[in-house]
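Keep in mind that this is a model prediction, so the values were computed, not measured. Counting starts at 1 for both ligands and their atoms, following the listed order.
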Amino acid sequence: MIIDGKLISKQIKEEIAEEVKQIIKNGGRKPNLAVILVGEDGGSQSYVSYKIKACKFVGFESTTILLPKTVSESELMAEVEGLNNNDGIDGFIVQLPLPKHIDENKIIEAISPQKDVDGFHPINVGRMSVGLPAYISATPLGITELLKRYKIETSGKHCVVLGRSNIVGKPMATLMSRKGYPGNSTVTICHSRTENLKTITQTADILIVAMGVPDFVSADMVKDGAVVIDVGTTRVRSDKTKSGWKLKGDVKYNEVAPKCSYITPVPGGVGPMTIASLLKNTLLAAKNEIF
Ligand code: GUN
């Protein structure tokens with residue numbers, strides 16, 4: 001069965017839009033998400049434009065701050081401070097990656113945890129891992145929402161996560177191993193240095209692939225009946241699309257899909273859920289529900 005992230009994300013956005021209407025009816029103001037975008041990376045520009053469009057769809061205000069790729073670390077820090085102290089902004093994100101001369105960790109640590117709707121600040125990561133209310137990174141949060149809405153059993157299952165990034169792999173492993181649903185899985189994290197990778201993936205009931213390597217997972221690596229979640233979104237050139245680009249997943253969809261009980265396509269799987277989760281986090285921030 002194909003997991004339709006586009007459909008589920010639309011449902012979530014409609015639920016959020018309904019809540020925004022209620023907030024306004026009760027005399028509140030529109031939630032406001034700010035995005036800082038540094039430089040002109042094509043991928044980042046399109047992700048940010050999707051986020052802004054999604055804000056409009058649900059009735060949020062959005063604020064975009066564009067900075068040149070030559071911006072200094074201290075100038076960027078000053079922008080972050082400005083948003084931390086701006087009462088009109090409920091939550092904000094700094095789109096990654098940042099230019100090499102800027103220390104990403106330093107910038108992330110400068111974001112007020114109360115406004116960190118990306119869930120990247122160590123305070124939010126730590127709170128999540130001990131089970132306290134926290135902003136949770138949007139991609140892993142979106143994946144748990146897909147598992148929930150498709151009522152996929154996770155308890156006692158072997159969940160293999162390919163990739164150990166701070167944004168996806170690590171928080172994903174934490175969420176799948178926590179008590180509760182979705183969770184209670186036995187989790188293995190694999191990465192570029194893992195030996196006998198195929199032997200491990202073949203035992204996965206749930207395989208979550210976030211390597212950023214197109215076509216990494218082939219059919220012989222997947223167990224019959226597995227649930228496969230493909231987080232890969234590598235932009236490759238294409239003469240078949242209007243933009244001249246297309247997104248490629250980490251899984252060889254055509255050969256893997258027939259073996260799966262559930263699988264997410266690329267595009268239309270995890271990607272739209274990431275944006276829906278960011279909106280959800282922003283709504284939580286507007287309602288001060290986490291801190
Ligand atoms: N770059 C790739 N994914 C993300 C994300 O979820 N948030 C931010 N800020 N940057 C990203």
Side-chain angles (χ1 to χ4, degrees), residues 5 9 12 33-55 60 62-67 69 71 76-77 79-80 83-84 89-100 102-113 115-125 128 134-146 163-172 174-175 208-214 229-235 245 247-250 266-267 269-285:
S9 72
I12 293 171
L33 171 71
V35 180
I36 300 181
L37 174 60
V38 180
E40 280 154 24
D41 174 77
S44 293
Q45 281 176 331
S46 43
Y47 297 138
V48 167
S49 76
Y50 297 145
K51 290 172 185 178
I52 303 301
K53 221 170 96 186
C55 282
F60 287 3
S62 66
T63 308
T64 314
I65 298 173
L66 298 173
L67 301 170
K69 64 175 185 292
V71 72
L76 178 55
M77 210 68 122
E79 293 288 346
V80 168
L83 292 176
N84 283 342
I89 302 290
D90 296 297
F92 68 97
I93 67 167
V94 180
Q95 188 66 27
L96 305 179
L98 292 171
K100 284 196 177 52
I102 295 174
D103 182 345
E104 275 183 5
N105 283 327
K106 213 163 144 186
I107 298 300
I108 289 168
E109 281 198 274
I111 297 171
S112 159
K115 292 193 177 187
D116 169 38
V117 287
D118 255 337
F120 293 173
H121 192 287
I123 294 268
N124 278 309
V125 178
M128 175 193 66
Y135 293 111
I136 297 173
S137 182
T139 300
L141 183 62
I143 293 169
T144 58
E145 196 60 33
L146 286 177
R164 55 178 158 180
S165 70
N166 289 338
I167 296 182
V168 185
K170 277 192 271 184
M172 195 73 241
T174 303
L175 292 170
I208 302 176
V209 192
M211 303 281 279
V213 182
I229 306 290
D230 188 350
V231 187
T233 48
T234 306
R235 271 164 39 105
W245 294 94
L247 291 179
K248 219 163 168 12
D250 287 358
V266 176
V270 173
M273 290 303 294
T274 297
I275 295 185
S277 301
L278 174 66
L279 298 173
K280 194 84 193 246
N281 280 345
T282 306
L283 183 64
L284 292 173

**Request:** Collect the protein residues that have a non-hydrogen atom under 4.0 Å from ligand 1 and hand them over in chain and number order.
**Result:**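 Ligand 1 is contacted, at a heavy-atom distance under 4.0 Å, by K51, V94, Q95, L96, D118, F120.
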With a cut-off of 3.5 Å and sequence neighbours excluded, list every side-chain donor-acceptor pair involving residues 270-283.
unit_1: T274; atom_1: OG1; unit_2: T139; atom_2: OG1; d: 3.0
unit_1: T274; atom_1: OG1; unit_2: V270; atom_2: O; d: 3.4
unit_1: S277; atom_1: OG; unit_2: A138; atom_2: O; d: 3.3
unit_1: S277; atom_1: OG; unit_2: G142; atom_2: N; d: 3.2
unit_1: S277; atom_1: OG; unit_2: M273; atom_2: O; d: 2.9
unit_1: N281; atom_1: ND2; unit_2: V117; atom_2: O; d: 2.9
unit_1: N281; atom_1: ND2; unit_2: I136; atom_2: O; d: 3.0
unit_1: T282; atom_1: OG1; unit_2: L278; atom_2: O; d: 2.8

**Message:** For N166 and I108: C-alpha separation, side-chain torsions, deciding distance, then whether side-chain contact (heavy atoms from CB on, under 4.5 Å) applies.
**Reply:** CA-CA 12 Å; N166 289 338; I108 289 168; over 6 Å; no
**Asked** Looking only at heavy atoms, which two atoms of K170 and R164 are closest? And how far apart?
**Response** CE-O, 3.2 Å
**Asked** For the residue pair I167 and S137, what are the closest heavy atoms and their distance?
**Response** O-OG, 2.7 Å
**Message:** For the backbone of N84 and the side chain of K115, can you confirm whether one donor and one acceptor N or O come within less than 3.5 Å of each other?
**Reply:**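 Between the backbone of N84 and the side chain of K115 there is a qualifying donor-acceptor contact (under 3.5 Å).
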**Asked** Is the backbone of M211 close enough, under 3.5 Å, to the side chain of D250 for a donor and an acceptor to pair up by distance?
**Response**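 Here the side-chain-to-backbone pair exists.
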